Engineer: 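A single structure is presented below for examination.
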There are 2 protein chains.
Amino acid sequence: MVKFQDVQLDRTFSALADPTRRALLARLEREDGLSVSELAKPFPVSLPAIMKHLDVLSDAGLLTRSKVGRTVSCHLNAEPMEEAMGWLARYQRFWTERLDALEALLEARRKGQD
Amino acid sequence: MVKFQDVQLDRTFSALADPTRRALLARLEREDGLSVSELAKPFPVSLPAIMKHLDVLSDAGLLTRSKVGRTVSCHLNAEPMEEAMGWLARYQRFWTERLDALEALLEARRKGQD
DNA sequence: CGTAAACTTAACTCAATGGTTAAGTTTCAA
DNA sequence: TTGAAACTTAACCATTGAGTTAAGTTTACG
C-alpha cells in the first residue's frame, strides 16, 4: 500500500461541507440532546431530508442518537473535528505569519512615534 | 432571508473533503510553485482529472495559478482555511475539556503518589 | 517548419447527494 | 382501543462529482 487514505478526514470534511449540517451541529453545540423533530423544525426541508443529514453526521461520528420512548435525542460528538483541526493547523503559519508581520510593522511604528 | 449561507465555508470544506485535493495542498505547503504536470505526476489518475481538482481548489480560493510560457505554476493560498479553523475552534472545548479533565486526574494521581 | 511538451476543452459515463412524497412502525394518551 | 405523534423506510428524481478518452491549443526547440 503506497498511500494511506484518511477516510475519517474525508467523512468529517464532507459532513461539514453542508450548511444545513453545520447548522444542526451549531444548534447542538448550544443545546445538546434535542430530538429529531425539534432539530428539524427551523429548516425549510422535509423531515426525511433532515434524517439523511443526521445519518451523514452519524457516519462521520459527529452525532450519536439515543431513543427514549418514541423520541430520539441527538448528541454532539465533536471529537472527529480534532483531526480536522490538526490537519488545518499545519497551514496556520500562512495566516499567522501574515498577522505576525503586521504586528511587527505596527510595533515598529509605535516605537518610531515614541 | 432567514439564514445567511456561508458559501465560502461550503466550498472550503468540500474542497478539503477529497484526499487527492488534500494531498495536492500538502505538496504545495512543502514546495510552492510546482507546475500542473509536476503536481499530477505522483497520482494514479489522468491529467484532466487533476485539472478538475485544481479547478475546485481555485474556486475555493485555496490555489492560484500563474502561467509562464507553456507551464503553469500553482501557488497555495491558505487564507480560506482560516475561516474553517475559526468554525471548528468553537468546538475545541469539547476535546480540550476532556484533555483538561484527564490532565487533572493524572496530576491528582501524581500528587497522591508523592 | 514541424514536432513534441504542457496544458486545456469537450463529451461521455457512473455513482453519490440532496431533495421529494408516500407508506410504514412504534409509542403515548385520551 | 383508537388516533395521533415521532420517527423510519422506500422509491423515485435531478444535479453534481470524479473519473475517463479523445481532440484542440499554445509555446518551445532543433
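All values reported here derive from a predicted model rather than from experimental measurement. Just so we're on the same page: letters track the sequence lines, and every chain starts at 1.
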Engineer: Just how far, in rounded Å, is C1' of C/dA6 from CG of B/Leu54?
Structural biologist: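 Rounded to whole Å, this separation is 13 Å.
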Engineer: Under 4.0 Å between a side-chain N or O of A/Ser46 and OP1 or OP2 of C/dG19?
Structural biologist: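 So the side-chain polar atoms of A/Ser46 never come under 4.0 Å of the phosphate oxygens OP1 or OP2 of C/dG19.
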Engineer: Can you tell me if A/Arg22 uses its side chain to pair, donor with acceptor, with the backbone of A/Leu16 under 3.5 Å?
Structural biologist: yes
Engineer: Mapping A/Arg21 and A/Lys67 to their closest nucleotides on DNA chain C, which lands nearer the 5' end?
Structural biologist: A/Arg21
Engineer: Can you check the A/Arg22 CZ to C/dG18 P distance for me, whole Å?
Structural biologist: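 The answer, rounded to whole Å, is 12 Å.
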Engineer: For A/Arg65 and A/Ser73, which I'm curious about, is there any donor-acceptor pair between the side chains at under 3.5 Å?
Structural biologist: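 Side chains of A/Arg65 and A/Ser73: no pair found under 3.5 Å.
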Engineer: Within the pair B/His53 and D/dG19, is there a side-chain N or O less than 4.0 Å away from OP1 or OP2?
Structural biologist: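 It does, given that an N or O in the side chain of B/His53 lies less than 4.0 Å from OP1 or OP2 of D/dG19.
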Engineer: Where along residues 68-77 of chain A does a heavy atom come under 4.0 Å from DNA chain D, residue by residue in number order?
Structural biologist: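 Output list: A/Arg70, A/Thr71, A/Val72.
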Engineer: With distance as the sole test, does A/Gln8 use its side chain to make a donor-acceptor pair with the main-chain N or O of A/Ala60 at under 3.5 Å?
Structural biologist: yes
Engineer: Distance check needed: C/dT21 C1' versus A/Ile50 CD1, whole Å only.
Structural biologist: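 So the two atoms are 16 Å apart, to the nearest Å.
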Engineer: May I have the distance from B/Leu47 (atom CG) to D/dA23 (atom C1'), rounded to whole angstrom?
Structural biologist: 14 Å
Engineer: Given D/dT8, C/dG18, D/dT21, identify the nucleotide with an atom nearest to the side chain of A/Arg65.
Structural biologist: D/dT8
Engineer: Are the charged groups of A/Glu29 and B/Arg93 less than 4.0 angstrom apart, N to O?
Structural biologist: yes
Engineer: Mind calculating the distance between CE (B/Met51) and P (D/dT25) to the nearest angstrom?
Structural biologist: 16 Å
Engineer: With a non-hydrogen cut-off below 4.0 angstrom, is A/Ser37 in contact with a base, only sugar-phosphate, or nothing?
Structural biologist: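 Sugar-phosphate only.
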Engineer: Calculate the interatomic distance between B/Asp10 atom CG and D/dG17 atom C1'; express it in whole Å.
Structural biologist: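 Result: 15 Å.
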Engineer: In whole angstroms, how far is the C1' atom of C/dT17 from the CG atom of B/Asp18?
Structural biologist: 15 Å
Engineer: Look only at the side chain of A/Glu79 and the backbone of B/Trp95, and say whether a donor-acceptor pair between them is shorter than 3.5 Å.
Structural biologist: no
Engineer: Does the C/dG19 base have a donor-acceptor partner in the side chain of A/Lys52 within less than 3.5 Å?
Structural biologist: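 Yes, the side chain and the base share a sub-3.5 Å donor-acceptor pair.
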Engineer: What does A/Thr20 touch in the nucleic acid at a heavy-atom separation under 4.0 angstrom: a base, only the sugar-phosphate, or nothing?
Structural biologist: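 A/Thr20: no heavy atom of the nucleic acid under 4.0 Å.
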Engineer: Do A/Leu34 and A/Cys74 have side-chain heavy atoms sitting under 4.5 Å apart?
Structural biologist: no
Engineer: Set out, in order, the CA-CA distance, both residues' side-chain angles and the distance that settles side-chain contact (heavy atoms from CB on, under 4.5 Å) for A/Thr12 and B/Phe13, then state yes or no.
Structural biologist: CA-CA 9 Å; A/Thr12 304; B/Phe13 279 130; over 6 Å; no
Engineer: Write down the distance between CG (B/Asp55) and P (C/dT9), rounded to a whole number of angstrom.
Structural biologist: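 About 8 Å, once rounded to whole Å.
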